[in-house]
Amino acid sequence: MTRPYVLLSVAVSVDGHIDDDGTERFPLSNAEDFDHVDRVRAESDAILVGAATVRRDNPRLLVNSPERRAGRVGAGRPEFPLKVVVTGSGELDRDRAFWHCGGDKIVYTTDSGHRTASALADLADVVPLGPSVDFGALLDDLGGRGVGRLMVEGGSAIHTGFLSAGLADEIRMAVAPMLIGQATAPRFLQPAEFPGGPARRFRLEEVARLGDVAVLRYFPKR
């Protein structure tokens, strides 16, 4: 079975944070970068986030450009990519915007979280992955559903899970020209044992300037 190509997409401050410690989402990107992210979404078969991102940011995870949506339909694809959320506990608020716009949805959870997540069965396909979230099994299931390209939009635990398991093919990192400077603000990654350890260097494929944001494309497997 062919697993999807996995692209991790993240925006970080110069000091490595993906948000501040406030209750509202802190805008790191600019209009040019948001538009580029929309293009990457339109090129993807599925978009994945963790439950914490759904709870904190209440994202819709849509392709916003009507032209890009029309292009997907014209190519025989769904108007919107499949939306995927990962939760260990299965606890997700059904009132979040994630459920009520866009196309099909999948919830990946654990065996213990399956009963709780089953309350969302009218909104999404609920799939248990075992005693813990197995990202390899998740990719196998998505591949079996015809997903060839997966865009992962966070948060920290999800990005860490894919990278520590050696499952990320590409990292798209938008670096914003600002400093968060808060010890409790979330970062791109959590502490973990990553393949190859600290000495391993990623291949840098491209550096692009989008207004005052620098977008770096890294390939961890090459």
Side-chain angles (χ1 to χ4, degrees), residues 4-20 22 24-50 52-54 56-85 96-105 142 147-156 158-159 162-163 168-180 185-189 202-220:
Y5 181 92
V6 178
L7 182 150
L8 309 186
S9 178
V10 63
V12 300
S13 62
V14 170
D15 55 343
H17 293 285
I18 60 173
D19 203 350
D20 67 0
E24 300 294 329
R25 179 67 173 171
F26 186 83
L28 289 167
S29 297
N30 58 24
E32 295 95 329
D33 183 51
F34 282 129
D35 183 69
H36 190 263
V37 168
D38 194 66
R39 190 188 83 189
V40 177
R41 285 181 178 179
E43 295 169 350
S44 302
D45 299 307
I47 304 170
L48 181 149
V49 294
T53 298
V54 173
R56 178 182 174 91
D57 299 340
N58 195 23
R60 298 185 306 153
L61 299 182
L62 302 177
V63 175
N64 294 311
S65 165
E67 293 77 15
R68 291 175 182 137
R69 296 200 304 270
R72 287 177 58 88
V73 173
R77 305 169 71 191
E79 182 179 7
F80 297 101
L82 176 70
K83 297 200 298 188
V84 181
V85 62
R96 299 282 88 183
F98 179 92
W99 310 110
H100 303 292
C101 55
D104 293 337
K105 293 94 179 172
L142 287 176
V147 173
R149 187 175 181 87
L150 174 65
M151 182 179 183
V152 180
E153 295 200 32
S156 298
I158 300 299
H159 286 315
F162 277 103
L163 282 168
D169 295 286
E170 180 179 343
I171 302 170
R172 179 197 182 277
M173 177 179 287
V175 182
M178 58 184 66
L179 300 170
I180 301 298
R187 293 183 175 274
F188 170 36
L189 297 174
F202 295 163
R203 173 181 168 181
L204 176 63
E205 182 70 15
E206 181 182 17
V207 180
R209 178 177 178 177
L210 296 177
D212 61 359
V213 169
V215 178
L216 315 178
R217 292 180 66 207
Y218 287 107
F219 289 81

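The first residue in the sequence is number 1, and the count goes up from there.
- Residues satisfying the ring-ring contact (aromatic ring centres under 6.0 Å, His included) test with F162, not counting sequence neighbours, are F135.
- For the pair C101 and L62, the minimum side-chain heavy-atom distance is below 4.5 Å.
- Between S13 and L28 the shortest side-chain heavy-atom distance falls below 4.5 Å.
- Counting heavy atoms from C-beta on, the side chains of V215 and V207 never come closer than 4.5 Å.
- When the side-chain contact (heavy atoms from CB on, under 4.5 Å) test is applied to R56, the partners found at least two apart in sequence or on another chain are D19, D20.
- Of all the heavy atoms in A168 and L163, the pair that sits closest is CB-CD2, 3.7 Å.
- A donor atom on one side chain and an acceptor atom on the other are not found under 3.5 Å apart for R60 and H100.
- Under the 4.5 Å side-chain criterion, counting only non-hydrogen atoms from C-beta, L189 is not in contact with S156.
- Residue-environment remark: CG (N64) exceeds the threshold of 12 foreign heavy atoms within 6.0 Å.
- For the pair K83 and F98, the cation sits on the ring face: its NZ or CZ lies under 6.0 Å from the ring centre, inside 45° of the axis.
- Taking CZ of R172 as the start and OH of Y218 as the end, the distance is 13.5 Å to the nearest 0.5 Å.
- Scanning all heavy atoms of the two residues, the minimum distance from V213 to A174 falls at CG1-CB, 3.7 Å.
- In this structure D15 satisfies the salt bridge (Lys or Arg N to Asp or Glu O under 4.0 Å) test with no other residue, sequence neighbours excluded.
- With contacts defined as side-chain heavy-atom distances shorter than 4.5 Å, the pair M151/V6 does not qualify.
- For A46, the side-chain contact (heavy atoms from CB on, under 4.5 Å) partners at least two apart in sequence or on another chain are L82, V84, V147, L150.
- By the side-chain contact (heavy atoms from CB on, under 4.5 Å) test, Y5 is found to be paired with L7, R149, D169, E170, F219, residues two or more places apart in sequence or in another chain being considered.
- E24 is linked by a side-chain hydrogen bond (donor to acceptor under 3.5 Å, both in side chains) to nothing, counting only residues two or more places apart in sequence or in another chain.
- Among residues two or more places apart in sequence or in another chain, the ring-ring contact (aromatic ring centres under 6.0 Å, His included) test is passed with F188 by H159.
- Annotation: side-chain hydrogen bond (donor to acceptor under 3.5 Å, both in side chains) contacts involving residues 202-216, sequence neighbours excluded, comprise N30-D212, R203-E205, E206-R217.
- For S29, the side-chain hydrogen bond (donor to acceptor under 3.5 Å, both in side chains) partners are D33, not counting sequence neighbours.
- Contacts of N58 classified as side-chain hydrogen bond (donor to acceptor under 3.5 Å, both in side chains), with partners at least two apart in sequence or in another chain: none.
- Once rounded to the nearest 0.5 Å, the distance linking CG of D35 with CG of L210 reads 9.0 Å.
- In this structure, the separation between CD1 on I171 and CG on L8 is 5.5 Å, given to the nearest 0.5 Å.
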V73 and F80: CA distance, side-chain angles, deciding distance, side chain to side chain contact (heavy atoms under 4.5 Å, CB included) verdict: CA-CA 9 Å; V73 173; F80 297 101; over 6 Å; no

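- Listed by chain and number, the residues in a side-chain hydrogen bond (donor to acceptor under 3.5 Å, both in side chains) with E79 are R69 (sequence neighbours excluded).
- For V14, the side-chain contact (heavy atoms from CB on, under 4.5 Å) partners are V175, L179, not counting sequence neighbours.
- Between T53 atom OG1 and I18 atom CD1 the span is 7.0 Å, to the nearest 0.5 Å.
- Counting only heavy atoms from C-beta outward, the side chains of L216 and L204 approach each other to under 4.5 Å.
- For the atom pair OG (S9) and CD (E153), the distance works out to 5.5 Å, reported to the nearest 0.5 Å.
- Between the side chain of S65 and the backbone N or O of R68 there is at least one donor-acceptor pair closer than 3.5 Å.
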